[in-house]
Amino acid sequence: MLVNNEITKKTSAEGVPRIAVGILLGVLAFGVFIVGFDQGEMLGFTVPADGSEGNEPGTNWAHEFYHDMRHAAGFPCH
Amino acid sequence: MKAITFIAITLLAGAIAGTILGAINQVVVEPYIDHAIELEMLQQNTTAQSGQVITNPAEFAAYRFWQKGGEIIAGTILGLSIGSLYGIVFAYTRGSISGTNNNKKKALIVAGIMWLVLFLMPALKYPPNPPAVGNPETIYYRQSLYVAFLAISGFSALGLAFLYRKMMVASSNNTKKKVIIIPSAVYAAIMAGAYLAMPANPDPINAPIDLVIGFRITSAITISMFWAVLGVIFGALWDKANFISNKIAARHNCNSS
Ligand SMILES: [Zn+2]
């Protein structure tokens with residue numbers, strides 16, 4: 001038990017599994033981009049809520065989807 | 001801790017904190033967003049320069065219902081992604097946080113620092129605005145400014161965290177508590193410089209100031225709460241996962257010996 005704790009302590013600083021870091025960084029990049037920054041580049045193919053072309057803010061359903069959170073989380077929006 | 005356990009508790013803590021954020025925003029921040037969007041619709045109807053005016057009240061209500069529901073799911077997604085970064089930072093830094101061995105406390109310290117670096121600093125320079133403030137034509141410029149400031153804050157903090165760790169290793173036991181002073185001062189100097197050097201948000205505030213300030217205060221409160229909840233849940237899950245994996249390891253040791 002004691003030995004076991006010693007080992008985890010020694011590896012704690014750099015013993016973070018690389019695969020976990022890679023996966024989590026992927027989640028980070030994807031989530032922050034679509035909630036915070038996407039202007040239709042990634043989710044622009046989705047069907048606009050009001051049947052229009054979906055290029056302007058207010059017409060793309062994916063944009064509507066995360067729109068309020070984008071404002072509330074402090075990202076620049078329209 | 002196994003990679004899969006680490007990923008699971010990180011994503012779980014982020015998803016819970018983000019979903020709570022989206023749900024609380026429905027009550028706390030949405031009244032301001034509703035009001036701002038009403039004003040915006042009024043402006044658009046009077047100037048009639050936009051082709052996307054929604055005049056039908058039922059249609060408008062459905063549209064707002066969609067946006068509000070989306071906010072909860074967007075909260076979950078944002079929580080997952082910010083939580084991912086948080087989990088990585090915690091895993092790499094918890095060994096260097098001095099003064100406590102309590103993982104729950106460490107989790108809150110990391111959340112507090114990340115809140116300062118990733119939320120408070122950008123918010124001081126480029127305060128969040130409700131709908132009705134902002135010119136769509138400047139969005140890419142405003143995004144670049146925001147990302148640049150966020151990057152200056154984040155990468156300075158990252159670099160100084162490495163410096164802090166090196167200084168901690170090099171320092172003697174009775175000076176360890178003072179080591180934090182230099183990296184903190186350097187960070188403050190960098191941020192003050194960036195604050196003065198970076199251009200301001202180009203858009204004028206043409207919405208009522210009460211609305212804008214109310215929105216900024218309430219959204220700052222809920223985002224701060226998000227970071228606190230993230231730290232509390234993650235710390236609790238981390239301890240729980242460690243406890244279980246130690247127990248399994250102990251049992252395994254007994255069986256094999
Ligand atoms: Zn907006």
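Here is the naming used below: chain letters follow the sequence lines, and residue numbers restart at 1 for every chain.
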In Å, rounded to the nearest 0.5 Å, how long is the span from CG of B:Leu85 to CG of A:Leu24? 9.5 Å
Nearest 0.5 Å, please: how far is CZ in A:Phe75 from OH in B:Tyr126? 15.5 Å
Rounded distance (nearest 0.5 Å) linking atom NE2 of A:His67 with atom CZ of B:Arg64: 8.0 Å
Rounded to the nearest 0.5 Å, how far apart are CE of A:Met69 and OG1 of B:Thr76? 8.0 Å
Heavy atoms of A:Cys77 and B:Ile139 approach each other most closely as O-CD1, 3.4 Å
Can you give me the closest heavy-atom contact between B:Ile223 and A:Ala73, atom names plus distance? CD1-CA, 3.6 Å
Quick one: pull up CZ in A:Arg70 and CD in B:Glu71 and give me the separation to the nearest 0.5 Å. 13.0 Å
First locate atom CD of B:Glu30, then atom CG of A:Asp68, and finally report the distance between them rounded to the nearest 0.5 Å. 4.0 Å
A:Leu25 versus chain B, the contacting section by heavy-atom distance below 4.5 Å: both
Looking only at heavy atoms, the pair that brings B:Ser81 and A:Leu28 closest together is O-CD1, 3.3 Å
So which part of B:Leu145 gets closer than 4.5 Å to some heavy atom of chain A, the side chain, the backbone, both or neither? neither
Under 4.5 Å to a heavy atom of chain A? For B:Phe215 that would be side chain
Please identify, among B:Ile77, B:Thr10, B:Ile88, B:Val29, the residue contributing the most non-hydrogen atom pairs under 4.5 Å to chain A. B:Ile88
Would you mind telling me which of B:Leu80, B:Leu78, B:Ile82 makes a side-chain contact (heavy atoms from CB on, under 4.5 Å) with A:Val35? B:Leu78
Pair count under 4.5 Å, heavy atoms only, with chain B: among A:Ile19, A:Val32, A:Val21, highest is A:Val21
For residues 129-136 of chain B, please give each side-chain donor-acceptor pair under 3.5 Å, one per line with the distance, not counting sequence neighbours.
| unit_1 | atom_1 | unit_2 | atom_2 | d |
| --- | --- | --- | --- | --- |
| B:Asn129 | OD1 | B:Arg216 | NH2 | 2.8 |
| B:Asn135 | OD1 | B:Glu137 | N | 3.0 |

